[in-house]
Amino acid sequence: MSRADLGKDPEEVSKMFDGVAKRYDIINDLLSLGRTKAWRKVATKIISPKPGMKILDIAAGTGSSSRPLKDAGADVIPLDFSKGMLEAGKQRNPDLPFTQGDALNLPFKENEFDVTTISFGLRNTNNIEKALSEALRVTKSGGRIVVVEFSHPTNKIFRTIYMKYLMRALPKIARATSSNPAAYVYLAESIMAWPNQKDLAAILAKVGWSRVEWHNATFGITAIHVGHKA
């Protein structure tokens with residue numbers, strides 16, 4: 001089973017996620033200290049899904065982020081690059097229209113969606129700006145992007161503790177619970193190498209999103225960035 005490196009070759013990343021698809025939600029719970037569901041509730045509230053709203057959920061994985069959007073009546077399309085993640089998602093959420101696709105080359109026309117969103121997947125692309133530009137292209141004028149991603153804890157002491165947990169405790173847990181512990185190490189490393197809240201906001205603005213803001217969750221372990229399309 002493969003382990004991707006921070007070069008983020010698409011094939012390597014896809015194969016790695018194929019291999020951990022069935023346990024991916026558990027992995028996210030470990031990375032988030034058990035706060036993933038709470039963060040998704042915050043993101044869903046920000047998105048404010050409702051009937052008639054068309055939403056593209058990029059890097060949707062098994063559909064955990066898409067489920068509450070669908071349940072609120074929105075027309076949501078969960079998209080992912082990994083075939084294994086899509087298969088696991090179809091088993092758990094057979095009513096969702098899972099679609100295979102690349103965040104860097106979205107298979108949709110311009111101005112199709114009221115909201116594009118990506119949860120814990122942007123950092124696994126090998127071109128952040130391209131992914132955000134593609135999301136901008138398919139979002140309607142006046143629409144929004146909502147990015148949920150691991151970030152940098154704002155408290156220095158807590159940040160040190162969390163980073164030590166990622167690189168020391170997490171691999172030990174992975175070896176005891178997973179057939180592919182190297183994947184956990186990659187995910188931890190990808191979090192540590194990720195831009196902080198201000199820097200990601202600057203990237204969103206650079207590619208054309210306006211009025212960019214972010215909301216910290218759990219002391220900044222995760223940040224939810226929101227941008228608007230003029």
Side-chain angles (χ1 to χ4, degrees), residues 28 32 35-61 63-81 93 96-99 101-125 127-152 194-218 220-230:
N28 258 355
S32 70
R35 297 294 295 165
T36 308
K37 291 181 180 179
W39 296 340
R40 292 198 192 284
K41 287 182 180 179
V42 174
T44 300
K45 185 176 181 180
I46 290 172
I47 293 171
S48 190
K50 54 194 169 193
M53 181 181 286
K54 191 171 183 180
I55 302 173
L56 176 62
D57 189 6
I58 304 167
S64 297
S65 53
S66 303
R67 182 75 266 166
L69 306 177
K70 170 71 172 179
D71 290 346
D75 179 10
V76 57
I77 297 179
L79 177 138
D80 204 278
F81 191 61
N93 298 287
L96 293 179
F98 286 95
T99 302
D102 185 353
L104 306 185
N105 187 23
L106 295 172
F108 303 103
K109 298 177 182 178
E110 295 182 5
N111 306 310
E112 280 202 40
F113 299 94
D114 299 293
V115 175
T116 50
T117 183
I118 180 168
S119 298
F120 309 112
L122 185 59
R123 73 181 191 283
N124 296 316
T125 68
N127 190 327
I128 300 169
E129 291 186 13
K130 176 64 173 173
L132 294 174
S133 293
E134 272 291 277
L136 182 69
R137 179 182 66 79
V138 302
T139 301
K140 296 177 182 177
S141 179
R144 294 174 294 148
I145 187 172
V146 178
V147 179
V148 186
E149 191 53 86
F150 289 106
S151 195
H152 292 232
W194 188 246
N196 63 25
Q197 289 89 326
K198 184 177 180 180
D199 289 343
L200 182 56
I203 295 171
L204 279 154
K206 179 182 177 181
V207 304
W209 292 100
S210 64
R211 292 183 285 145
V212 178
E213 60 184 12
W214 69 86
H215 310 263
N216 285 317
T218 314
I221 289 181
T222 284
I224 302 172
H225 283 70
V226 181
H228 299 258
K229 182 172 179 177

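What you are looking at is a predicted structure, and each value in this text was computed from that prediction instead of being measured.
- Residues Ile77 and Phe113 are in side-chain contact: their nearest non-hydrogen atoms beyond the backbone lie under 4.5 Å apart.
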(request) Check step by step if side chain to side chain contact (heavy atoms under 4.5 Å, CB included) holds for Trp194 and Ile128. (result) CA-CA 11 Å; Trp194 188 246; Ile128 300 169; 3.4 Å; yes
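- A distance of 9.0 Å separates CG of Asp57 from CZ of Phe98, quoted to the nearest 0.5 Å.
- Considering every non-hydrogen atom in both Ala135 and Ile145, the closest pair reads CB-CD1, 3.9 Å.
- Leu204 is listed as a side-chain neighbour of His225, based on a closest heavy-atom distance under 4.5 Å.
- Of all the heavy atoms in Pro68 and Pro49, the pair that sits closest is O-CG, 4.4 Å.
- Identified under the side-chain hydrogen bond (donor to acceptor under 3.5 Å, both in side chains) test for residues 142-152, with sequence neighbours left out: Arg123-Glu149, Ser151-Gln197.
- Between Arg67 and the choices Leu96, Val76, Thr44, the side chain to side chain contact (heavy atoms under 4.5 Å, CB included) rule is met once, by Leu96.
- Contact of the Ile221 side chain with the Arg35 side chain is not registered, since no non-hydrogen atoms from C-beta on lie closer than 4.5 Å.
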(request) Evaluate side chain to side chain contact (heavy atoms under 4.5 Å, CB included) for Phe81 paired with Asn124, printing each intermediate quantity in order. (result) CA-CA 11 Å; Phe81 191 61; Asn124 296 316; over 6 Å; no
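- The CG atom of Leu106 sits 10.0 Å away from atom CD of Glu112, with the distance rounded to the nearest 0.5 Å.
- For the residue pair Ile203 and Pro195, the shortest heavy atom distance occurs at CD1-CG, 4.3 Å.
- Lys229 is listed as a side-chain neighbour of Trp209, based on a closest heavy-atom distance under 4.5 Å.
- Atoms CG and NZ, on Asp75 and Lys50 in that order, are 14.5 Å from each other to the nearest 0.5 Å.
- Side-chain N or O atoms of Arg137 include one that pairs as donor or acceptor with a backbone N or O of Phe108 at under 3.5 Å.
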(message) Go through it in stages, so that I can follow the logic: the residues are His215 and Val42, the test is side chain to side chain contact (heavy atoms under 4.5 Å, CB included), and I'd like the CA-CA distance, side-chain angles, deciding distance and then a yes or no.
(response) CA-CA 9 Å; His215 310 263; Val42 174; 5.7 Å; no
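- A pairwise comparison of heavy atoms in Ala74 and Ile55 identifies CB-CD1, 3.7 Å as the closest pair.
- Residues that satisfy the side chain to side chain contact (heavy atoms under 4.5 Å, CB included) test with Asp114, not counting sequence neighbours, are Met53, Lys54, Lys140.
- Using bins of under 30°, 30° to 60° and over 60° for the plane-to-plane angle, the ring pair Phe150/Phe120 lands in the tilted bin.
- Of the inter-residue distances, the one linking Ile118 atom CD1 with Asp80 atom CG reads 9.0 Å to the nearest 0.5 angstrom.
- Atoms OG1 and CG, on Thr139 and Leu56 in that order, are 7.5 Å from each other to the nearest 0.5 Å.
- Rounding to the nearest 0.5 angstrom, the gap separating the OG1 atom in Thr218 from the CH2 atom in Trp39 is 5.0 Å.
- Residues meeting the side-chain hydrogen bond (donor to acceptor under 3.5 Å, both in side chains) test with Thr117, sequence neighbours left out: none.
- Considering every non-hydrogen atom in both Ser141 and Asn111, the closest pair reads N-OD1, 4.1 Å.
- Looking at every heavy atom in both residues, Ala43 comes nearest to Val148 through CB-CG2, 3.6 Å.
- A side-chain donor-acceptor contact under 3.5 Å links Asn127 to the backbone of Lys130.
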